[in-house]
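Worksheet: the structure to be examined is printed underneath.
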2 protein chains.
Amino acid sequence: MKQSKKERQERLQKTIQENPFVTDEELAQEFSVSVQTIRLDRMELSIPELRERIKYVAEKNMQDEIRSLPIEEVIGDIIDIELDKSAISIFDVKKEHVFTRNGIARGHHLFAQANSLAVAVINDELALTGKAEIRFTQPVKEGSRIVAKAKVTRSEKGRTIVDVASFVGSDLVFRGEFSMFRAPSVEKEEKDETGN
Amino acid sequence: MKQSKKERQERLQKTIQENPFVTDEELAQEFSVSVQTIRLDRMELSIPELRERIKYVAEKNMQDEIRSLPIEEVIGDIIDIELDKSAISIFDVKKEHVFTRNGIARGHHLFAQANSLAVAVINDELALTGKAEIRFTQPVKEGSRIVAKAKVTRSEKGRTIVDVASFVGSDLVFRGEFSMFRAPSVEKEEKDETGN
DNA sequence: CTGTTTTTTAGTACCTAGTCCTAATATCGG
DNA sequence: CCGATATTAGGACTAGGTACTAAAAAACAG
């Protein structure tokens, strides 16, 4: 009905990209050609069969699931910890952490790593960030490994100050002072919040 | 070789959960029973066949792809924006945003929403957070809707101050003052970093 | 130890969504 | 109209199953 082979193949490619779950049968109907034609088209465009496409999508999914699970409790990998004293974690900046337009890591990831470490270093059931003063001192590029070092500087009744400095190589990229609340039954104003 | 039907079925369930890509054939070998036994087991446990499992995983993926694309640039949904003046975004706190042990939202999500909004409100190619002073004034529970309001308070050459206040209902839960750099070619110290 | 019940195994026909291959038609450009 | 390209049809085969029947093996009961 429509157009040349070329046209059809372009539309085919787009259609499958948008909905990888479509069968050759369905495509044949949509473009009113035979299934065989669709198969020839897929061959020429080297588009794999339905099941392979689905599998590919599923595998991609499994990969990020593994990636997103450890994020559950701590962002970055803790490589050293002395409770109530200090801790070190590393975080590798991948493409999903950066702005697409300039490849610079988005601040909340640096914050999350630091905040998470501040929570982890506290030897208590519950630790929440009350306030924080932070500085992003250098941009961080994709592919960098950020090493965050947390030090507990003061500790009073229910309140602990944690200083975190993050480095890429020997460059300071982030500094933050976190005022943490520990294990109180969270109730009133300026007493609470997250950590990680 | 091993154990009762019950035992095998439990192990089967776990195995498939961990690796949904396993065929009956492979399972049969692993448990040294026949394929038919595996199929009976799947029936009794109502575990779908390989292809259905893969499809399910793939479909789940497609769903969050739609969800994670807008997240790409802004965390939370912007519901109002006046460039270089103010912006409002909402963010719904779901189970993946809270600490499992107490159901309180993890701070970096509040930070991310606020920081992201501060970036978005700036009418420039590039906006990076230089420093921030933040306060978590109330814990936020799972299921809450956080409304973040950003206001540009000062703007000088290349540097803009954005105040963000986040609320759950009428309660202030977060406040932050973000010092943003706009569109500079990022180079030196204390000049950079993310936003979103 | 025998009889019954449960569990496991084997085998067949059928399904989907393909691959790979051959061969017969259409359609188009010159 | 002729030859090249494109399309369609058909058959044989594949993986990874379902659904069903039937037989053999194992477990348990008395």
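Lettering follows sequence order; numbering is per chain, from 1.
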I need the CZ-C1' distance between R8(A) and dT7(D), as an integer number of Å.
8 Å
What is the distance, rounded to the nearest whole Å, between atom CD1 of I54(A) and atom P of dA15(D)?
19 Å
Classify the nucleic acid contact of R42(B) as base, sugar-phosphate or nothing, counting any heavy atom under 4.0 Å across all strands shown.
sugar-phosphate
Between E30(B) and R11(B), is the closest basic N to carboxylate O distance under 4.0 Å?
no
Side-chain contact check for L40(A): nearest option of dT8(D), dT18(D), dA10(C) is dT8(D)
Please tabulate, one pair per line, all N/O donor-acceptor pairs under 3.5 Å involving side-chain atoms of residues 160-170 of chain B, not counting sequence neighbours.
unit_1  : atom_1 : unit_2  : atom_2 : d
T160(B) : OG1    : S155(B) : OG     : 2.9
T160(B) : OG1    : R182(B) : NH1    : 2.8

What is the nucleic acid contact for V35(A), judged by heavy atoms within less than 4.0 Å: base, sugar-phosphate only, or nothing?
nothing
Write down the distance between NZ (K5(A)) and P (dA26(C)), rounded to a whole number of angstrom.
19 Å
Tell me the interatomic distance from L50(B), atom CG, to dT16(C), atom P, rounded to whole angstroms.
18 Å
Just do the side chain to side chain contact (heavy atoms under 4.5 Å, CB included) check on R39(A) and R42(A) with the steps written out, would you?
CA-CA 5 Å; R39(A) 286 176 181 162; R42(A) 274 201 299 100; 3.9 Å; yes
Quick one: Q29(B) CD to dT9(C) C1', roughly how many Å, whole number?
16 Å
Could a donor-acceptor pair under 3.5 angstrom be found where the side chain of R51(B) meets the base of dA15(D)?
yes
OP1, OP2 of dT9(C) versus side-chain N and O of T37(B): anything below 4.0 Å?
yes
When rounded to whole Å, the CD1 to P distance for the pair I16(B) and dG16(D) reads 14 Å
Candidate nucleotides dT7(D), dC20(C), dG16(D), ranked by approach to the side chain of M43(A) - the nearest:
dC20(C)
Measure CG/D24(A) against C1'/dT7(D) and give the value in whole Å, please.
15 Å
Look at all strands and tell whether E49(A) reaches a base, only sugar-phosphate, or nothing, counting heavy atoms closer than 4.0 Å.
sugar-phosphate
Hey, which sits more toward the 5' end of DNA chain C by its nearest nucleotide, Q36(A) or V22(A)?
V22(A)
From I81(B) CD1 over to L117(B) CG, what is the distance, rounded to the nearest 0.5 angstrom?
6.5 Å
R39(A) has a side chain; which of dG17(D), dT19(C), dC20(C) sits nearest to it?
dT19(C)
Tell me the interatomic distance from K6(A), atom NZ, to dC28(C), atom P, rounded to whole angstroms.
17 Å
Is the ring pair H97(B)/H109(B) parallel, tilted or perpendicular, if the boundaries are 30 and 60 degrees?
perpendicular
